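Working notes for the structure below.
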Amino acid sequence: MKSRICGTGSMLPNRVVTNDDLSKIMDTSDEWIRSRTGICSRHLAVEESLTELAAQASRKALEEAGVKPEELDMILAATLSADKLLPCLSCELQRELGAVNAVAFDINAACSGFMFALQTADMYIKSGQCQRILVVGGEILSKLMDWNDRSTCVLFGDGAGAAVVRADEEYGILSSVQGSDGAKGDALLCEGRRNNNPYVSNSTDLPYVSMNGQEVYKFAVRTVPKAILEALQKADLTVEDVDLFVLHQANIRIIESVSKRLKVPMEKFPSNLEECGNISAGSVPILLDYVNQRGMLHKGDKIVLAGFGAGLTWGASVLTW
Ligand code: UT7
């Protein structure tokens with residue numbers, strides 16, 4: 001049995017913020033951001049909640065899949081920026097969608113989150129425990145940014161993407177690879193709430209994302225091609241067999257480096273980095289929906305999905321569309 005993606009959806013917040021907009025409020029420039037990352041603008045949530053964005057993305061994915069919310073066995077949401085600590089985003093989505101028969105829980109593997117959620121869904125389907133699973137990745141990272149730290153806040157954006165996965169005899173996920181290296185966790189970090197029981201002298205500092213960009217960059221260009229090759233080998237395929245590589249969108253230079261290392265032309269690496277920036281766990285499902293809605297995926301195509309990020313974590317899957 002395979003796990004087939006049979007519907008996708010995505011939703012971005014209304015507010016578009018360009019590099020020029022940012023250069024009016026901090027010491028940065030369109031030239032720096034564009035040339036170092038490939039990002040030109042990003043969507044930032046002003047009115048929207050993550051639950052709303054994820055619910056709208058999910059409704060689109062369910063509609064394309066022809067699956068009713070009450071037919072879902074499971075909802076898996078990947079995020080590090082849920083609206084609430086409790087309940088989790090998946091349970092909020094269950095309520096919003098009326099997915100009364102689903103079991104719902106979140107997965108936090110940062111920018112690899114959607115890959116880990118998809119791979120978890122695959123295991124539930126392969127084991128026969130579930131038939132239809134909604135997998136969501138989404139973030140409102142702008143609330144975790146230090147807007148005085150130009151080295152991080154210009155990189156990230158907000159949004160959500162969703163995919164409906166169902167059991168299928170023929171099409172679907174062929175192989176997966178996943179990994180983590182907790183020893184390098186400090187490279188991309190956001191502290192949680194501090195201890196604040198009556199016996200602690202509390203600090204009121206708010207935690208924000210901080211990143212050693214160069215370390216994460218080196219990790220990405222080393223690990224992603226390796227993970228993709230491993231996943232392809234497990235599926236008995238080579239890079240030549242792949243029609244499209246849908247990679248986590250962190251930096252166009254990382255994608256170019258992967259393309260070069262795999263000796264695959266950049267045309268096979270679609271990107272929405274220009275308009276979206278890095279949406280962490282939202283990045284892969286939003287890009288997948290982008291290529292799906294533009295008719296770039298055809299039945300039987302071989303697709304590679306890959307993510308990497310904080311943890312450090314990484315994951316790649318090969319599938320037949
Ligand atoms: O999704 C999670 C995974 N995350 C990633 O994959 C991120 C990976 N890393 C990267 O994409 C890149 O390392 C960055 C885009 C984050 C940074 O690019 P870089 O080429 O490594 O730049 P840098 O950090 O070495 O900074 C170069 C210079 C510094 O100035 P000095 O010290 O050379 O004078 C920075 O202060 O650029 C300066 N700088 C900026 N200048 C204008 C840093 N941020 C900005 C900015 N605008 N926004």
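Indexing begins at 1, ligand by ligand and atom by atom, following the structure's order. Every value quoted in this text rests on a predicted model; they were computed, and no experiment measured them.
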As a test of the contact definition, would [atom] count as having a protein heavy-atom neighbour under 4.0 Å?
{"atom": "atom 31 (P) of ligand 1", "value": "no"}
{"atom": "atom 20 (O) of ligand 1", "value": "yes"}
{"atom": "atom 25 (O) of ligand 1", "value": "yes"}

**Message:** Quick test of your reading of the model: are K218 and E215 salt-bridged, counting only N-O distances below 4.0 Å?
**Reply:** no
[X]: numbered ligand 1 atoms lying under 4.0 Å from its heavy atoms:
{"X": "V154", "value": "48 (N)"}
{"X": "H248", "value": "1 (O), 2 (C)"}
{"X": "N278", "value": "1 (O), 2 (C)"}
{"X": "M211", "value": "4 (N), 7 (C), 16 (C)"}
{"X": "R36", "value": "19 (P), 20 (O), 22 (O), 27 (C)"}
{"X": "Q214", "value": "13 (O), 21 (O), 23 (P), 25 (O)"}
{"X": "C111", "value": "1 (O), 2 (C)"}
{"X": "A250", "value": "1 (O), 5 (C), 6 (O)"}

Among the clusters formed by ILVMFWY side chains lying less than 4.5 Å apart, do [X] and [Y] turn up in the same one?
{"X": "F116", "Y": "V136", "answer": "no"}
{"X": "I279", "Y": "L80", "answer": "no"}
{"X": "L232", "Y": "I255", "answer": "yes"}
{"X": "M266", "Y": "L229", "answer": "yes"}
{"X": "I107", "Y": "L50", "answer": "no"}

Nearest neighbour in protein (non-hydrogen) for [atom]:
{"atom": "atom 10 (C) of ligand 1", "answer": "N251 ND2, 3.6 Å"}
{"atom": "atom 29 (C) of ligand 1", "answer": "R150 NH2, 5.0 Å"}
{"atom": "atom 9 (N) of ligand 1", "answer": "G213 O, 2.9 Å"}
{"atom": "atom 5 (C) of ligand 1", "answer": "V216 CG1, 3.5 Å"}

Heavy atoms from other residues, nucleotides or ligands near [atom1] of [X] exceed 12 (cutoff 6.0 Å):
{"X": "K184", "atom1": "NZ", "answer": "no"}
{"X": "Q293", "atom1": "CD", "answer": "yes"}
{"X": "E70", "atom1": "CD", "answer": "yes"}

**Asked** Between R95 and E92, does a salt bridge (Lys or Arg N to Asp or Glu O under 4.0 Å) hold up when you go through it step by step?
**Response** CA-CA 5 Å; R95 190 197 56 221; E92 295 277 271; 3.1 Å; yes
For ligand 1, is any non-hydrogen atom under 4.0 Å from [X]'s backbone (N, CA, C, O), its side chain (CB onward), both, or neither?
{"X": "A220", "value": "neither"}
{"X": "L188", "value": "side chain"}
{"X": "W32", "value": "side chain"}
{"X": "R253", "value": "side chain"}

**From the candidates D30, L155, T28, the one that places a heavy atom nearest atom 46 (C) of ligand 1** = T28
**Item:** Steps toward side chain to side chain donor-acceptor pair (under 3.5 Å) verdict (S41, E275)
**Value:** CA-CA 5 Å; S41 60; E275 309 100 67; over 6 Å; no
**Request:** Report the C-alpha separation of T37 and N251 in whole Å, then their side-chain angles, then the decisive distance to 0.1 Å, and conclude whether the side chain to side chain donor-acceptor pair (under 3.5 Å) test is met.
**Result:** CA-CA 5 Å; T37 69; N251 188 323; 5.7 Å; no
**Request:** Return a yes/no value for T37: is any of its N or O atoms, backbone included, closer than 3.5 angstrom to an N or O of ligand 1?
**Result:** no
**Request:** Evaluate the criterion side chain to side chain donor-acceptor pair (under 3.5 Å) for residue pair S29 and E31; output intermediate values, then yes/no.
**Result:** CA-CA 5 Å; S29 66; E31 200 283 326; 4.7 Å; no
